[in-house]
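This structure is a prediction, so every number in the text was calculated from the model and none was measured. One-based numbering, in listed order, for ligands and for the atoms of each.
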Amino acid sequence: MNNSHNSRRPLAARRLAGVVAAAAAVSIALVSTANAATHAAPGTRPHPADTSLRALAEPTGLRIGVSINPDRLSDPAYAAIAGGQFSTVTPENQMKWDNIEPTQGTYHWAPAEKVVAFADAHGQKVRGHTLLWANQIPSWLTDDVGNGSITDAQLRTIVKKHVIDEVSHFRGKIWQWDVANEMFANSWDANPLPDGINGDEFWVQHLGEGIIADAFRWAHAADPHALLFYNDYNISGEDGTNAKADAVYAWAKKMRAEGVPIDGIGEQGHLDTQYGFSGDLERSDLQRYAGLGLKVAITEADVRTFVDSAATQVPTDSLAASAQSNEFSQELQACLEVRSCISFTVWDVDDADSWVPGTFAGEGAATLYDVNLKPKAQYTALQQTLQLAAGAPRR
Ligand code: XIL
């Protein structure tokens, strides 16, 4: 597992103070009573009765999403949040290759289908995640590539079949597909190709970087109506040099010029309070991708911080929640300000399910809901941001 999402040098500790002041400046009271409209002062917007994130976002034309774990859907509290607060869902792991085809030739669609059925029942769209990624590939494949019993020519045939079979299986049910995930080099990667693609990435190493464009072509042939995304981290706002974003931009421009069927760029949006982040840079990077005629999306937003333990996930810094709220809100604002930003997805419903404690030692509290499924300040911050945005709809 790559541990380095959004890795930059820590900020001066007290930068948090400025963050808190900024968070306070946007604080407005949310009233959820049905009769709020009758008390609204002249010239002010009444607060809607439904203050779910999906309802607040509706007037802006933006969909708010969440990654879900289908094993948790039997918990009514979890299901109520997943179905009630969000208007798009992403299966957190169930469409990844190791889950879809754990044994070669035997497909295991049921968990992913459960997510699709849940979405259908709740008027939600689905982000398919992900077809071409170096992680969570089945061991029958990596073992045989490693020992040479699958040649590179055979690997190409196998990956083509994987993309076509999976996209075809879900044809008509997927709004956006993350066709390729995390193919670009970070500043710490040893072997970037001249255009910034990671030469050590599994698929690139074996099949050359042209495999990315081919995956888009195969996916498009299998479902011409799905929006096809390239998805990555540190590609809008987190990396001060912006080098990775520049490389993705130049590559996407080339793909468009060559007629490769790419529809969008997904910024994962995994943030960490110990590193720098600029909402302004995020907005301008997203706008730049949009300038190529592409859609954009925030696909995996979460904001982690240091916590007491993985079980309880109480931040160790008393100012952390304010910083987290502020960064979540800035990410959402950046998306709202770019008309082509069509969805803002948070990664995991609650802290109990978050990938963060298992991936980043000592960190957690990265989602909108705590380990007891109680909404946190971060949730309220997103409500407030959406409430403000509803006054200036994007469509
Ligand atoms: C993570 C899941 O949340 C974990 O449950 C799993 O063990 C590993 O993958 N970038 C991605 C996501 O594109 O697929 C990752 O999801 C988080 C980082």
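Residue nearest to atom 3 (O) of ligand 1, selected from Glu92, Gln268, Gln136, Glu300: Glu92 (by heavy-atom distance). Heavy-atom proximity to atom 15 (C) of ligand 1, evaluated over Lys96, Glu182, His270, is greatest for Lys96.
Atoms of ligand 1 found under 4.0 Å from any heavy atom of His129, numbered from 1 in the order shown, are 11 (C), 12 (C), 13 (O), 14 (O).
For Lys295, the NZ atom is loosely surrounded, since the number of other residues' heavy atoms within 6.0 Å does not exceed 12.
A salt bridge is absent between Lys160 and Asp214; no separation between the charged side-chain nitrogens and carboxylate oxygens falls under 4.0 Å.
Cation-pi geometry between Arg304 and Phe360 is satisfied (NZ or CZ under 6.0 Å from the ring centre, within 45° of the ring normal). Both the sub-6.0 Å distance and the 45° axial angle are satisfied by Lys244 relative to the ring of Tyr233.
Note: Thr385 OG1 to Leu56 CG = 10.5 Å, rounded to the nearest 0.5 Å.
At a 4.0 Å heavy-atom cut-off, ligand 1 does not touch Tyr233 at all. Of the heavy atoms in Asn181, only side-chain atoms (C-beta onward) come closer than 4.0 Å to ligand 1.
Using a non-hydrogen distance threshold of 4.0 Å, Trp347 registers as a contact of ligand 1.
On a distance-only criterion, Asp348 and ligand 1 share no N/O pair closer than 3.5 Å. Residue Asn93 has at least one nitrogen or oxygen atom sitting less than 3.5 Å from a nitrogen or oxygen atom of ligand 1, judged on distance alone.
Looking only at side-chain heavy atoms (C-beta outward), Leu141 and Gln104 stay at 4.5 Å or farther from each other.
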